Structures are given as structure tokens and as C-alpha cells.
Amino acid sequence: MTQEAGSATRVATATLLDWLEQMAVIRGTEKAAHDLFMRGLVKGTTHLAAGHEAIAVGASAALRPDDYVFATYRGHHHAIARGASPEGCLAELMQRSTGVCRAKGGSMHLTRADHGMLGSYAIVGAHLPMANGAAWSARLRGTSQVAVAFFGDGATNIGAFHEALNLAAVWKLAVVFVCENNRYMEYTPIASVTSVPNPAADRAAANGMPGVLVDGNDVVAVHEAMATAVDRARAGDGPTVLEALTYRHFGHSRTDPATYRPAAEVEEWLARDPLILARRRLAEWGVPQADVDAVEARAADTVAAASRAAQDAPPADPEDAFTDVWADGGWAWRT
Amino acid sequence: MTQEAGSATRVATATLLDWLEQMAVIRGTEKAAHDLFMRGLVKGTTHLAAGHEAIAVGASAALRPDDYVFATYRGHHHAIARGASPEGCLAELMQRSTGVCRAKGGSMHLTRADHGMLGSYAIVGAHLPMANGAAWSARLRGTSQVAVAFFGDGATNIGAFHEALNLAAVWKLAVVFVCENNRYMEYTPIASVTSVPNPAADRAAANGMPGVLVDGNDVVAVHEAMATAVDRARAGDGPTVLEALTYRHFGHSRTDPATYRPAAEVEEWLARDPLILARRRLAEWGVPQADVDAVEARAADTVAAASRAAQDAPPADPEDAFTDVWADGGWAWRT
Amino acid sequence: MADLTTYRDAVSDGLARELRRDPSVVLLGEDIGAAGGVFKTTVGLFEEFGADRVWDTPISEQAIMGAAMGAAMTGMRPVAEIMFSDFLACCWDYLANEIPKARYMTGGQVSVPMVVRTANGGGLGFGAQHSQSVENWAFTVPGLKIVAPSTPADVVGLMASAIRSDDPVVFFEHKGLFASKGEAAPPEHVVPLGEARVARPGDDVTVVALAATVPLALAAAEQLVEDGISVEVIDLRCLVPLDMATVLGSLERTSRLVVVEENPYQGGWGATVASIVADEGFELLDAPVRRVAGENVPLPFADALEERVIPTTGKLVEAVRRLASY
Amino acid sequence: MADLTTYRDAVSDGLARELRRDPSVVLLGEDIGAAGGVFKTTVGLFEEFGADRVWDTPISEQAIMGAAMGAAMTGMRPVAEIMFSDFLACCWDYLANEIPKARYMTGGQVSVPMVVRTANGGGLGFGAQHSQSVENWAFTVPGLKIVAPSTPADVVGLMASAIRSDDPVVFFEHKGLFASKGEAAPPEHVVPLGEARVARPGDDVTVVALAATVPLALAAAEQLVEDGISVEVIDLRCLVPLDMATVLGSLERTSRLVVVEENPYQGGWGATVASIVADEGFELLDAPVRRVAGENVPLPFADALEERVIPTTGKLVEAVRRLASY
Ligand SMILES: Cc1ncc(C[n+]2csc(CCOP(=O)(O)OP(=O)(O)O)c2C)c(N)n1
Ligand SMILES: Cc1ncc(C[n+]2csc(CCOP(=O)(O)OP(=O)(O)O)c2C)c(N)n1
Ligand SMILES: [Mg+2]
Ligand SMILES: [Mg+2]
């Protein structure tokens with residue numbers, strides 16, 4: 001049965017301020033990406049996660065540094081939440097040699113393997129089975145690492161989703177499947193093509209695991225639900241499906257004005273912006289506005305510096321096209 | 001929620017006698033296939049359905065002649081229940097030109113398109129989405145045909161199963177998904193690799209449709225459960241998952257002695273042979289043994305004649321290797 | 001001169017013409033309905049033909065292909081869109097094992113008259129998983145017809161043939177060509193499958209091209225005029241049926257062949273063309289057979305890197321020059 | 001003479017040696033555990049190494065490949081079995097888009113040291129969906145190493161290299177060879193990837209073969225002795241890395257090439273070999289390049305039909321004869 005997670009715990013004020021700062025850095029980086037695109041400095045496609053920040057920050061806060069994360073083409077927020085620098089991400093988008101993937105991956109494939117951020121994948125659903133593999137490996141190596149797959153609502157209708165859930169349950173793997181349900185696939189409402197109301201959580205029981213719904217714009221609630229799932233996984237009790245309800249602020253990708261979304265719906269969700277919710281909670285807790293302003297200002301500085309540095313970085317080296325095919329660094333395929 | 005179907009209705013005696021005869025023909029044909037293999041006359045692989053007869057006969061009895069059926073490599077019983085002749089099937093297995101597929105398909109691909117038996121497919125799960133397509137087509141053409149996919153318990157863990165169920169529910173297609181749960185995949189118990197006790201029925205709710213368990217060895221029960229599902233589909237109320245519990249009498253395929261199955265389990269299921277159950281019911285209904293013996297004798301004659309005719313048929317024509325690639329009958333791929 | 005139109009609009013035009021002509025034609029795919037397709041290649045179709053002819057699907061490539069196959073077997077002519085050709089990998093079983101084999105393995109009992117449309121190719125900075133040219137995957141499978149048009153008129157004319165074909169067709173629309181313009185197709189335009197087009201006649205070197213490498217080859221041919229090299233450009237249009245008669249006929253005059261293909265060199269369709277020429281056309285050849293193909297690496301994101309690994313006019317010019325002076 | 005063993009037993013021997021040597025090696029697949037594999041190629045491994053090293057899976061090819069990939073990225077050396085190579089179509093996304101691209105698109109951050117083992121090929125009457133030779137699918141994808149041994153000793157030696165490789169390897173075991181016998185591999189036997197083997201030296205015609213076409217080529221060579229034709233048979237062993245140096249070196253002596261491959265002619269790996277020869281080896285050739293390949297049809301069930309469409313010794317003998325007298 002699908003359960004609803006509340007947000008009962010009160011985290012330390014400093015923690016929530018830190019989370020707000022992280023969310024503001026992500027938001028700022030997404031805005032910078034958008035602006036740089038408008039200025040012709042970001043090419044190719046980008047899928048901004050503005051609006052989804054609470055999921056990345058709340059979930060990552062429940063993880064250990066050595067845990068594993070797998071994300072989608074909409075993955076800037078997870079990369080940053082796991083410690084990729086905004087500069088490295090923006091440089092990647094701007095095709096600079098200092099990009100996190102040396103400009104070979106691009107926006108859709110941000111990766112920081114040294115932070116356990118094992119990649120962003122652009123084939124819907126493909127990375128859920130990979131997260132199983134990382135969790136299986138942790139078990140085999142005798143560590144207690146947990147693996148997390150973040151994915152969209154649209155991914156719940158693809159075969160790999162089902163195969164991944166079943167295997168994770170059968171092998172009792174330490175995986176958390178986190179669905180970022182933003183109500184839309186590209187331009188089509190998920191409700192119009194899905195057989196159940198909660199596309200991820202309502203499928204958990206079919207694979208013998210708990211399915212939990214959480215407010216994906218409430219960073220405290222996300223953290224709490226995630227901590228429960230992570231504890232369960234680390235204790236050896238198996239996987240969980242966590243479905244976080246959220247909304248994207250931009251269109252699906254850079255070419256999408258998102259006119260298919262009702263204005264009232266957009267408004268309602270913008271009012272529930274995860275940064276607004278976090279600020280409101282801090283105010284309720286009596287945290288002085290100045291403290292909040294300070295972290296937001298610091299976030300803005302971080303982003304501005306990152307954007308400048310990325311713009312100043314040297315372009316990608318065309319010769320890099322011929323490296324990293326094989327483990328020996330090269331690309332030789334014949335004699 | 002998974003429901004259990006009983007067998008409340010009493011069908012006409014003549015009907016049950018007819019079903020027994022059909023089951024006996026199938027059983028006899030499977031035995032003949034086995035014997036012909038032992039004599040070196042059947043080559044390649046075969047997957048006998050002996051033990052599963054009640055599913056094919058009970059389910060087919062609930063269908064109209066113009067309904068569509070899609071089956072697996074273990075599909076002899078469905079082909080025959082849908083009107084393929086035992087002779088045509090045995091001839092196919094023996095590589096004769098009179099085989100139902102002119103010896104181009106073999107045991108795993110028995111097809112009688114003119115009887116709505118649209119094929120047997122050997123990639124696990126692949127035909128479930130095809131059944132959706134046939135039902136979708138019926139809707140588009142304004143007929144009230146129903147499509148049925150028969151598949152094994154093992155198929156419930158593959159992605160295509162999940163994708164098919166979701167689309168069928170969303171489009172409210174007139175499909176019945178019939179799982180023949182014989183407790184094993186090839187040699188591995190389904191329970192050891194599946195996250196829920198009833199691999200098909202317990203996944204129905206995850207795709208917003210009823211999931212029904214039925215005794216797959218009781219032809220009357222199968223018919224009744226199938227009739228309910230077919231009525232629902234034909235009425236436009238959407239798909240159903242029907243999980244029929246059964247057991248195979250032979251190993252997975254011709255090379256498998258099935259030593260991995262506990263003797264007690266085998267015994268228990270052989271005692272619940274669908275033919276025994278049908279005979280017992282007829283006896284309970286007071287049908288004279290002579291009537292039962294008569295249909296079984298007729299079935300034996302049918303099979304014996306079919307086997308002789310198939311053995312006497314000419315071998316497949318090697319030139320047929322170069323026909324039927326394209327609609328024009330040929331195989332030209334270049335100038 | 002005739003009206004100009006884009007390759008992108010030609011796709012929806014080609015689909016609309018067949019939807020109007022034949023009520024058994026029906027479309028399905030992700031975001032193809034009210035949204036008009038992520039490449040805007042189905043714009044207006046939902047409005048004109050309605051929800052009964054243009055079906056939005058979940059992200060379920062296997063369910064899409066299976067639905068199309070089942071419908072094709074039972075009297076419809078479905079046209080399935082797989083958004084990016086890279087995603088054919090998510091339903092490859094249908095193209096590799098089911099659709100092309102159904103007629104054959106049933107001894108001719110079943111027909112599968114369906115079309116799979118998909119956006120193919122690179123050059124737009126979409127990275128390793130959204131930029132591939134995968135017509136070479138389909139080419140490994142007997143039983144599929146393979147179409148890859150290079151002009152708006154061919155899009156319409158070949159779409160008509162593909163949809164009317166009783167055989168399954170994979171229809172590759174090149175992403176890099178969507179914005180390109182050309183003459184609009186006249187009414188009732190039908191281009192038969194398997195007939196190559198001499199896109200530019202020439203005498204010295206034959207260049208065999210497909211889809212986006214056709215304009216590239218034409219640009220190279222234009223540049224090579226300055227070198228005094230006359231290039232014949234053949235637009236194959238289809239990989240199956242493969243029009244080798246036109247290629248071998250051209251070689252009778254030129255005796256020199258360059259194949260220009262976007263997919264990687266290893267396993268590329270150009271190798272099959274080259275191997276046929278090295279066999280049946282051996283005596284025609286005055287020089288080695290050359291292939292300008294994608295490099296054997298995944299596709300990188302950055303423009304400057306992608307440019308290094310996919311065929312360009314410059315690379316083709318260079319290859320033709322060297323071959324002409326062989 | 002050394003001990004004889006079967007190709008089938010060599011598979012489990014090769015796996016066992018690596019399982020013993022390196023605790024990070026782990027196996028997964030359908031029915032590979034207590035059942036010993038449907039081709040009996042993992043017999044004894046579950047007993048020797050236990051459930052922690054040999055994992056039975058559900059029928060979930062995508063989950064198998066994804067699990068192997070995730071484990072390979074995080075310190076293990078998984079060996080995944082996909083029962084029949086035809087089923088690679090059910091998880092093709094992993095071989096086409098994920099596994100071979102991970103290192104490249106992350107700028108070298110990630111390694112995927114895994115092996116995919118699979119039973120490939122026809123000749124056993126398994127019909128259209130269980131008989132294909134699909135090494136040509138894998139060959140279209142840069143970033144995969146491709147191995148297809150022809151002898152028991154090579155199975156062991158190439159398995160060692162495949163599992164120790166830090167690159168992903170697809171390892172094709174030919175169904176038609178499982179029962180064949182050959183010398184057992186000596187202890188510590190390792191055959192490097194990408195080194196072809198001259199299976200039989202000869203002077204008149206070079207025959208390039210792989211997996212099951214190697215014994216076929218050897219039989220043809222033996223028959224052709226009577227015609228006074230001396231055939232050099234090259235066993236490629238691997239498609240990537242592809243040892244063209246050995247092929248071109250042989251052609252320097254023979255000047256005549258026949259490639260014999262089981263996969264269909266269209267899109268076959270032999271076309272790439274032929275196209276390289278038609279380019280770089282053009283001046284070596286005294287005759288057309290010939291390919292004896294599978295016909296471009298799905299694989300039929302009946303033996304007499306299957307025989308018509310896959311390469312046979314007879315077809316190769318005939319092709320070599322005609323080429324020798326060119
Ligand atoms: C297998 C596959 N099919 C289709 C696509 C194209 N595609 C990219 S994103 C997307 C929508 C995904 O929606 P969702 O899972 O809800 O994620 P969101 O973009 O909303 O974060 C689609 C259809 C793809 N990348 N992969
Ligand atoms: C995609 C795929 N994976 C694996 C196989 C090999 N295989 C054939 S039958 C089978 C077992 C199927 O079990 P189940 O679905 O329970 O059907 P049953 O054979 O018991 O009728 C397997 C694994 C296959 N044919 N297709
Ligand atoms: Mg979404
Ligand atoms: Mg079973």
C-alpha cells in the first residue's frame with residue numbers, strides 16, 4: 001500500500017539554513033544555465049531542474065559520502081547536491097575543458113564518480129537496474145553503501161523500471177528508488193498515460209516493497225522520508241520506492257515554453273517553490289531574516305563566481321574526441 | 001487485489017465431454033510429439049504443454065472464432081484448441097511441407113492466422129504488447145473482438161509485461177492476459193526470483209486492473225474465469241490478468257529430465273491432472289463411463305491418424321527457405 | 001520554381017496525405033498528439049484527424065512497437081514514432097526478432113504492414129545517447145525495409161511508399177535535416193522504395209551518400225569543381241532494397257568510389273556497399289574503395305569534438321581529392 | 001598429445017579459473033546456478049563457489065545487464081550470461097547506449113570491466129528467434145570488445161583476457177561448437193584480445209573465419225587440397241580489436257580473399273573486413289573479394305532449409321574454387 005510521509009522531525013536550524021543555501025546554489029546555477037543559453041554560450045539541450053531542488057538536497061542529506069547516486073538527463077541538481085561544483089557543471093554545458101566530463105558528456109550526463117555521483121543517463125529508465133548493480137556490489141564487497149536512483153514519473157511506465165524493482169526486492173538490495181513526479185513527461189501529463197494515480201508508489205506493492213509518497217518541495221519532509229528508506233536499506237531490509245511530488249519551473253528542455261500547462265496549476269506550484277517553503281519554515285522557527293539573506297547572498301556569490309570562472313575557462317580540446325574509449329585511454333579498434 | 005475464482009457454474013454434460021475430448025487430443029498429440037522425438041523424427045527443440053490442457057481448452061471455449069490469441073514457444077495446446085489440426089502441428093515438428101508453418105517456424109512458432117491464432121513467440125514476454133495491438137485494432141475497426149495473450153510465470157518479471165499491462169489499462173483495451181503459472185521457468189522455481197507470491201495476479205493492481213487466480217487444471221473453472229474476463233473486455237471495461245495455476249508433465253524442453261522438481265510435488269500435481277479432474281467431474285455428474293471412454297477413444301484415433309498422416313507427408317521443400325521474406329513472396333533485398 | 005518547404009513540415013505533410021487517403025493508417029508515439037511531436041513533425045495531425053487516429057503513448061517503447069505490430073497483423077497500417085533512433089535499443093527485440101520474422105516463420109500467414117519513424121543522426125550537440133546514426137543496426141536484420149530520405153519531396157514520396165508497403169519499413173528522419181528546405185512534393189507524389197537518385201551527375205568519382213550525407217556530398221562536389229574533379233553523387237534513399245545497379249552503373253563510368261556514411265566505420269552500411277563493389281565491381285575499379293564514416297568512438301557532446309568524429313564536407317573533399325589523384 | 005576437452009566444458013573451466021583467481025569475479029544469469037546453465041556451461045560453479053559468486057536471476061535481461069554494469073562501475077568484475085544471443089535484443093540499450101559509452105561520456109571517470117557471455121549461432125534447428133549470429137549487432141557499437149572463440153583452448157584463454165580486461169567485452173559462445181573437442185588449455189592459459197590465429201597456413205587463397213566458420217573453413221581447406229588449392233585459414237578470434245595486420249599480411253602472399261561469416265550478408269562484419277581490404281589492400285588483390293555469408297532471410301526451422309541459408313563447407317569450397325581460377 002502506498003503510504004504518505006509527513007515531516008514530523010525538526011532539524012537543526014543550521015541544517016535547514018545549509019539546505020536552503022544548497023537549494024539556492026542549485027537554483028542560481030539553473031538560472032545561470034538558462035541565461036548563458038540565452039546568450040548563446042550553452043549549446044545542445046539542457047533540462048533544468050529548477051523546482052526540484054528539495055528532492056536533491058533533502059535526499060542527499062540522508063546519504064553517506066560513499067553512497068551511490070544515479071540520475072537522469074535532468075540531473076544538475078543531483079550533481080551539485082552530491083558535491084559537483086557549479087563551475088564544473090556550467091563549464092560542461094559551455095563545452096569547456098574544465099567541464100566535469102571534459103565536455104564529452106554535456107548537460108545530460110553530468111557525473112562526479114569521486115563523489116559517488118555515478119552518472120546521469122539519458123535513456124529513460126536505464127539507470128534503475130544500474131543502481132541495483134551498485135547496491136549488489138556493495139553487498140558483495142561487504143560495505144554498507146546504499147544506492148539511489150532518481151527518475152521521473154514518465155520512467156515508471158518503462159520495462160526497466162519493473163525489472164529493477166523486482167530484482168531489488170528479490171535480492172533485498174540496499175536501493176532507494178526516488179521518483180521525482182513533476183506531473184509531466186515531456187509535454188504530456190503523466191496521468192493521461194498511466195494506469196494508477198501515483199505512478200511510482202502505487203507500483204511498489206507489485207514488487208513487495210513499501211511505496212511512500214512525500215511532498216517533494218518540502219526539503220525537511222524529503223529528508224525524513226529518505227532517511228527512513230536509507231536506514232531500511234542499510235539495515236539489510238531491502239528497497240523502497242519514494243515518490244516525491246514536485247513541479248518544474250521551466251519547460252521540459254530548453255526549446256519548450258511549456259504552454260501545455262494550465263496557468264493556475266503553474267501558479268499554485270510556484271507558490272510552493274521549495275525555496276519559499278524553506279524560508280517560510282525558517283521564519284516560523286524564528287530565524288532572523290538577516291541569517292537567511294546571508295546564506296542566499298553567499299549562494300548568489302558562489303554561482304556568480306562559478307559562472308565567471310566557467311566562461312573564462314578554455315574551450316574543450318578537440319583531440320579529446322579520441323580519448324577514453326578504452327581503459328588504456330585510447331580508441332584503437334584494429335591493427 | 002488478487003481475487004480467487006471458483007467454479008460455480010455447471011456446464012452442459014456434452015460441453016464437458018467435448019472439452020475432455022479436446023484435452024485428450026492435445027495430450028495425445030504431445031505424447032506423439034514426444035514419441036516421435038524419441039524415434040528421431042522430431043528435431044530441434046520442443047516445449048510440451050502436457051498438463052496445461054485445461055487452460056487452453058477452457059480459455060478458448062470462452063472465445064469467439066474471430067478473437068485473437070497469442071501464445072509462447074509452449075503453444076501446441078493453444079494452436080490445437082484454436083483449431084490447428086494435430087496433423088498440421090506434428091507435420092511442422094517433423095519438418096514436413098504440410099506443417100502449419102510449412103516447416104519454417106517449428107514447434108516454437110505454431111500459427112493458424114485464419115483461426116485467429118496469431119502466432120507463438122519464443123522471446124519471453126514479447127507477445128503481450130502484440131495482443132494489445134490486436135485489441136487496439138479491433139477497437140479502431142469497430143469490431144468487438146477480444147485479444148488474449150497466454151504466457152508463463154517467468155514472463156511476469158520482464159519489462160514488456162509491465163509495459164503491456166499499463167498500456168492496456170490506459171487505453172482500456174479488450175485484452176485478457178492469461179498467465180500459465182506452472183511454478184517453474186526453465187529449471188528455476190519462479191518463487192525464488194519473484195517479489196510477490198502470485199507473479200501475474202499480484203501485479204494487476206499496479207496497473208489498475210483485476211487480477212484473478214484460478215485453478216488451471218480445472219477446465220470448468222478456467223472457462224468460467226475466462227468468460228468473466230472476456231465479457232468484461234468485450235463490454236469495453238478493459239483488461240484482466242488471469243493467473244492459472246498448473247504444472248507441466250514433462251521437463252521444460254526436450255532435453256530436460258526435470259530432476260530439479262521434488263518427487264512429492266510432481267506426484268501431487270500428476271494426481272491433479274486436468275484430464276483426471278474432468279473425468280472425475282463427469283463421473284460425479286453421473287455420466288456413464290462408456291460415454292467418457294468413447295470420446296477418449298475418438299481422441300486417440302484422431303491423434304493416431306494425425307501422426308500417421310504427418311509421417312507420410314513429404315519433407316519440407318528447401319526452396320521454401322527463399323520465400324515469404326517480403327509480401328511479394330520473395331526475398332530480393334538489392335538490385 | 002516550385003514552393004519551398006522544410007524537411008520537418010514534409011514529415012507531417014507526408015503523414016497527413018496518407019491519413020487522408022487510407023482510414024487504416026493510424027499513428028502512435030510519445031508526445032505526438034496535441035503536442036505535435038518533440039521535433040514538431042506531427043504538428044496539426046491531432047487537430048485534423050483526432051484522437052482516434054493520433055495516439056499519445058506512455059514512455060514504453062516496447063508497448064509502442066508491440067501495439068503497432070499487433071495492429072498491423074490485424075488490418076491496420078500503424079505508423080509508430082520512436083522519438084530518437086537511439087531509443088530503438090529499448091525495443092530492439094521488435095525490430096530484430098519479431099516484426100521482420102513474423103511473415104517468414106509463419107510460412108506467409110501473417111503480414112506486418114507498419115512503419116517505424118524515428119529521428120536519427122548527430123551534429124546537434126545532443127551527446128552520446130541522442131545523436132547516433134543507427135541505420136546500420138537495422139541493416140543487420142533481413143526482413144526490414146530501410147528508408148532514409150534527404151529532401152522534403154523524398155520525405156513525402158517515400159513516406160507514401162513506406163505506409164502503403166505490405167512489408168515493415170523503418171523510416172529514418174535525420175535530425176540535422178529537419179530545418180533544411182527543398183521543393184515541396186507535388187500532389188500524389190510517390191517515390192518507390194529501392195530506387196537510388198543521381199543527385200548530381202559526374203564523371204570522375206562516384207560518391208554514395210544517404211540522408212544528411214547527401215547535402216554534404218553535394219557541397220563537396222561543388223567545392224571539387226575548382227579542383228577540376230567531376231563528382232557523381234548518388235542518394236541511395238533506401239538501404240533495403242539496396243539499389244546497387246545504380247551504384248555499379250555509375251562506377252562503369254567513374255571507376256572510383258567513395259561511400260560517405262554517418263554511422264561508425266565498423267559495421268557501417270557503407271562496408272556492405274564497398275564489399276559488393278569489391279566483388280562484383282572489381283574489374284571496374286581503378287582505385288581503392290574509400291569510406292568516409294563516423295569514427296569508432298561514442299559521440300561526444302562538444303561541437304568541436306563532434307565535428308572531429310562525424311563526416312564533414314571537408315573530410316569528404318579531402319578523400320575524393322586523394323582518390324582522384326590515385 | 002594433450003588432453004581433449006569439449007568447448008562446452010572449456011567455458012565452465014575458463015570461468016572457474018577466473019573465479020578462483022580473483023574474488024571480484026561474480027556470475028549472474030538465468031538458470032546458471034544449481035541448474036548449471038541451459039547449455040551446461042556453468043556446471044559445477046555453483047557447487048564450487050556458492051550462491052555469493054553465482055547468482056540466478058529472473059527473466060529480466062535489462063535487470064541483468066544493468067546489475068552487471070552497476071557492479072562493474074563499483075569494483076566488481078561481473079560476468080553476465082544472456083542465454084541465447086538473440087535475447088541481446090531485449091537488453092540492447094545496455095550494449096548499445098550504456099555500457100560502451102559510460103567511460104567516454106564521463107570523460108574517463110568510470111570503468112565498466114564486465115563480460116557478457118551469450119550462446120550464438122545456428123545449425124541446430126532452433127528457428128528464427130534462437131539461431132542468429134548477432135556479432136554483427138555488437139560490431140556496430142564502438143566501445144565494445146568482441147570475442148568469438150573457435151576452440152576449447154581459446155575459450156579458456158580468451159575468457160581470461162575478457163574477464164581481466166578493464167573494458168566491456170561481449171563473449172560469443174557458438175552453440176554449434178559446444179560439443180566439439182579440442183586440446184585442453186594449459187594452466188594459466190591467456191590469449192590476448194585482438195590477435196588473430198593462422199589456423200592453417202596456405203599460399204593461394206586467404207579465408208578469414210570466426211567461431212563456427214573456422215572448423216568449416218578448415219574442412220574446406222582440407223577438401224581443396226585435392227584441387228591443388230592451398231588455403232590459409234585465419235581465425236580472427238575477436239572482431240574488436242580487429243587484427244587486420246594478420247589479414248593484410250596473408251594477402252601479401254595469397255592476393256585472394258574469401259570471408260566466411262555466419263551472420264547475414266547485409267551488415268555483416270565480413271563487409272568491414274572486405275572494405276578495409278578493398279581500400280588498404282587494393283594493390284595486393286589479384287581477384288575480387290568474396291564473402292560467403294548467411295543469406296538475407298530469417299532463419300528457417302527445418303534442417304534442409306536452414307542448411308540452404310547458412311554457410312556450409314560446400315558453399316565455401318565452391319567459392320574458393322571459383323576465386324582460385326579467377
Ligand atoms: C527510452 C526513452 N524514451 C523516450 C525518451 C525521450 N524523453 C526524454 S525525457 C522524456 C520525458 C521523461 O519524463 P519523466 O520521466 O517524467 O522525467 P522529467 O523529464 O519530467 O524529469 C522523454 C519521453 C528517452 N530519453 N528515453
Ligand atoms: C527474453 C527471453 N529470455 C530468456 C528466454 C529463455 N527461456 C525460454 S523459456 C524460459 C522459461 C520461461 O518460463 P515461463 O515464463 O514460466 O514459461 P514456461 O516455460 O514455464 O511455460 C526461458 C528463460 C527467452 N526465450 N526469452
Ligand atoms: Mg516528469
Ligand atoms: Mg513457467
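First the proteins, then the strands, lettered A, B, ... as listed; each starts at 1. Only a predicted model underlies this, so the values are computations on that prediction, with no experimental measurement involved.
- Between A:Thr188 and C:Glu30 there is no side-chain heavy-atom pair separated by less than 4.5 Å.
- Of the two parts of C:Phe84, neither the backbone nor the side chain holds a non-hydrogen atom closer than 4.5 Å to a non-hydrogen atom of chain A.
- In plain terms, the two heavy atoms of C:Ala304 and A:Pro318 that are nearest each other are O-CB, 4.0 Å.
- For the atom pair CZ of C:Arg308 and CG of A:Asp317, the computed distance is 9.0 Å after rounding to the nearest 0.5 Å.
- The distance from the CE atom of A:Met108 to the CZ atom of C:Phe126 is 7.0 Å, given to the nearest 0.5 Å.
- In this structure, CD on C:Glu61 lies 4.5 Å from CD1 on A:Ile158, to the nearest 0.5 angstrom.
- With respect to chain C, the highest number of heavy-atom pairs below 4.5 Å among A:Gly44, A:Ala126, A:Ala103, A:Gly99 belongs to A:Ala103.
- Between chain C and the options A:Tyr121, A:Tyr73, A:Phe322, A:Phe161, the largest number of non-hydrogen pairs under 4.5 Å is found for A:Phe322.
- With a threshold of 4.5 angstrom between heavy atoms, C:Ile59 approaches chain A through its backbone and through its side chain.
- A:Tyr187 touches chain C through backbone and side chain together, each having a heavy atom under 4.5 Å away.
- Of the two parts of A:Thr45, the backbone and the side chain both hold a non-hydrogen atom closer than 4.5 Å to a non-hydrogen atom of chain C.
- Among the candidates C:Asp86, C:Asp56, C:Thr57, C:Val38, the residue making the largest number of heavy-atom pairs closer than 4.5 Å to chain A is C:Val38.
- Between the NE2 atom in A:His109 and the CZ atom in C:Phe301 there is a gap of 9.5 Å [rounded to 0.5 Å].
- Shown here for C:Gln129 and A:Ile123, the closest heavy-atom pair between the two residues is OE1-N, 3.6 Å.
- Once rounded to the nearest 0.5 Å, the distance linking CG of C:Leu305 with CZ of A:Arg102 reads 9.5 Å.
- The two residues C:Asp31 and A:Glu186 make their nearest non-hydrogen contact at OD2-CB, 3.4 Å.
- Between C:Val297 and A:Trp331, the shortest heavy-atom contact is CG1-CE3, 3.4 Å.
- At most 12 heavy atoms of other shown residues, nucleotides or ligands fall within 6.0 angstrom of atom NZ in C:Lys181.
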